[in-house]
Amino acid sequence: MKCRKCGEKAVINMRHHKLALCQKHYLEWFIGQVDKTIKRYRMFRKKDKILVAVSGGKDSLSLWDVLLRLGYKADGLYINLGIEGGNYSDISLEKVEKFVAQHPGAHLHIVDIKTLYGRSVPELARESHRGKRICALCGLVKRHEMNRVAYEGGYYAIATGHNLDDEVAVLFGNTLRWQTGYLARQAPVLPSTHPMLARKVKPFCRMYERETAAYAILQGIDYIYEECPYAVGSTSILYKNLLNELEEQSPGSKLSFYLSFLQAKENEQICFMGEEASPELHPCEKCGQPTTAPRYCAFCRVIYKLRENGI
Amino acid sequence: MVKIIYRDKEWEVKPGITVKKAIKEAGLLVEAVLPIKDGKLITEDTVLKDGDVVKLIAVISGG
Ligand code: SF4
Ligand SMILES: [Zn+2]
Ligand SMILES: [Zn+2]
């Protein structure tokens, strides 16, 4: 197969775009697509300070790389969760540090949960009596810390590496259960609803997972290939596999499912109730982040073992 | 023969088939892997030659 732009040997064929490209033109095309997405959804501007949540995986490191190449003011945030299985956290931190060494001028914040709060995420999950799966707790910790660092550092937005396949898997899951509240909120941009809750943006939301992996490989970004051990058997992987079966038979299905959903919402052809009355927020008495729970936010309840009636 | 590597598995296929065929025969999806030969990404229509070693990189991650 030949590159559509220059006729050289192609390195990737994207059936959904009917487009095959060589290395040079693929990298150019990919970066251009991401910049278009940033502008199309008015995510942020060149003057805004952006915090990129990096995990050491292909998506977040590729995203940071693209934003730096495009000249955005993008700093990284790595949250060390202390996951020991498969040396996941150690290896992922190594990958992030290697990336920083190869990108002069890249600034990285590291938040180490165990150092800051005394216990790693798996340790918190073990002692927590909330009966929640570790991933729910992990999500809670990551959200809280991302918001904290973004607020303290005066960042305009947090950018995450969610790709099209991630978004489509979530959309599929939410549609299967008609979770209208989640469907109402699913978007490339989540505006800030409070000064301490950062704006969240997903510049890769239109890029196929296969494309972000190809970008990382072609750009020579060394990323962690192994999964977090707790991701094994997750429903998102099940949905991704199902959707890829569909994509294989009918290229472009994933992209059109997602884009037509966004378009229909934008045109108000569909609108979801359920998010109507926004619940009342008040500051957590411990950390100050807004919460709907009495006195303390969910994060502080776990970390400091707080209950409504005091310690 | 052609050697195919995927995660911690390795197997052989006959030369003369395309990468796409080798992926499908293994029960994998073109959409879910990226084929690499001699350290370079290749397209699925590439015909495999005797002695080729192709690594299939899984692209799906979850969580
Ligand atoms: S898979 Fe679960 S535990 Fe692992 S990083 Fe993701 S949310 Fe955290
Ligand atoms: Zn080209
Ligand atoms: Zn709190």
Side-chain angles (χ1 to χ4, degrees), chain A residues 1-3 9-16 20-23 26 55 57-60 135 138-139 161 163 165-166 169 208-218 220 223-241 243-249 251 253-254, chain B:
Chain A
M1 228 171 265
K2 296 213 165 11
C3 171
K9 198 168 175 339
V11 293
I12 186 166
N13 176 36
M14 293 169 282
R15 293 189 308 155
H16 48 281
L21 294 170
C22 71
Q23 169 149 350
Y26 179 73
S55 65
K58 64 181 189 313
D59 299 298
S60 56
C135 292
C138 183
N163 58 46
D165 293 54
D166 294 323
Y208 276 65
E209 186 144 30
R210 191 164 179 271
E211 295 165 0
T212 65
Y215 181 84
I217 291 166
L218 292 170
Y223 62 87
I224 181 162
Y225 186 53
E226 278 72 38
E227 287 288 334
C228 169
Y230 300 106
V232 175
S234 67
T235 46
S236 70
I237 293 184
L238 169 68
Y239 294 159
K240 281 183 177 183
N241 287 333
L243 290 156
N244 277 344
E245 295 271 359
L246 177 65
E247 183 77 21
E248 194 94 354
Q249 305 289 323
S253 297
K254 290 189 290 195
Chain B
M1 293 303 270
V2 177
K3 191 197 272 183
I4 311 280
I5 304 169
Y6 175 69
R7 296 192 188 269
D8 48 10
K9 287 186 221 100
E10 263 185 47
W11 64 93
E12 288 191 330
V13 298
K14 284 207 184 77
I17 63 167
T18 61
V19 174
K20 183 176 176 178
K21 184 129 194 274
I23 292 171
K24 296 223 161 178
E25 277 180 358
L28 299 169
L29 298 171
V30 175
E31 185 61 22
V33 294
L34 283 168
I36 291 191
K37 193 180 85 173
D38 303 326
K40 293 208 168 65
L41 280 184
I42 51 172
T43 50
E44 313 81 71
D45 63 334
T46 308
V47 177
L48 296 166
K49 295 190 302 289
D50 199 20
D52 279 351
V53 178
V54 175
K55 194 170 173 198
L56 303 175
I57 308 283
V59 303
I60 294 183
S61 62

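Every value quoted in this text rests on a predicted model; they were computed, and no experiment measured them. Below, all heavy atoms of this structure are taken into account, side chains as well, without hydrogens, waters or symmetry copies. In the text below, chain A, chain B and the rest are named by the order of the sequence lines, each starting its count at 1.
- The side-chain heavy atoms of A:N241 and B:I60, taken from C-beta on, include a pair separated by under 4.5 Å.
- Only the side chain of A:Y225 comes within contact range of chain B, judged by heavy atoms closer than 4.5 Å.
- Taking the side-chain contact (heavy atoms from CB on, under 4.5 Å) definition, one finds that B:T18 meets it with B:K20, B:K21, B:V47, sequence neighbours left out.
- Only the side chain of A:E247 comes within contact range of chain B, with at least one heavy atom under 4.5 Å from a heavy atom of that chain.
- Note that NZ of B:K40 is 8.0 Å distant from CD of A:Q23, once rounded to the nearest 0.5 Å.
- One finds the CD atom of A:E248 at 8.5 Å from the CD1 atom of B:I23 (value rounded to the nearest 0.5 Å).
- For the pair A:E209/B:S61, a side-chain contact is recorded, criterion being any heavy-atom separation below 4.5 Å from C-beta on.
- Distance check, rounded to the nearest 0.5 Å: CG of B:L41 to CG of A:L218 gives 4.5 Å.
- In this structure, A:R210 and B:L34 have side chains that are in contact, with non-hydrogen atoms separated by less than 4.5 Å.
- To the nearest 0.5 Å, atom CG of residue A:N244 and atom CG of residue B:L28 are 11.5 Å apart.
- Remark: B:Y6 engages no residue in a ring-ring contact (aromatic ring centres under 6.0 Å, His included) (not counting sequence neighbours).
- Scanning both residues, A:A10 and B:T43, for their nearest heavy atoms gives O-CG2, 3.7 Å.
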- [ ] Check step by step if side chain to side chain contact (heavy atoms under 4.5 Å, CB included) holds for B:V30 and A:N13.
- [x] CA-CA 10 Å; B:V30 175; A:N13 176 36; over 6 Å; no
Open item on the list: Run the side chain to side chain contact (heavy atoms under 4.5 Å, CB included) test on A:Y208 and B:V59 for me, step by step, so that the C-alpha distance in whole Å, both residues' side-chain angles and the decisive distance to 0.1 Å come before the verdict.
Closed with: CA-CA 10 Å; A:Y208 276 65; B:V59 303; over 6 Å; no
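- Shortest non-hydrogen contact noted between A:I217 and B:I36 is CG2-CD1, 3.9 Å.
- Using a 4.5 Å cut-off between heavy atoms, A:E245 contacts chain B through both its backbone and its side chain.
- Contacts of A:N163 with chain B are absent, with no heavy-atom separation under 4.5 Å from either backbone or side chain.
- Contact annotation for B:K24: only side-chain heavy atoms (C-beta onward) come within less than 4.5 Å of a heavy atom of chain A.
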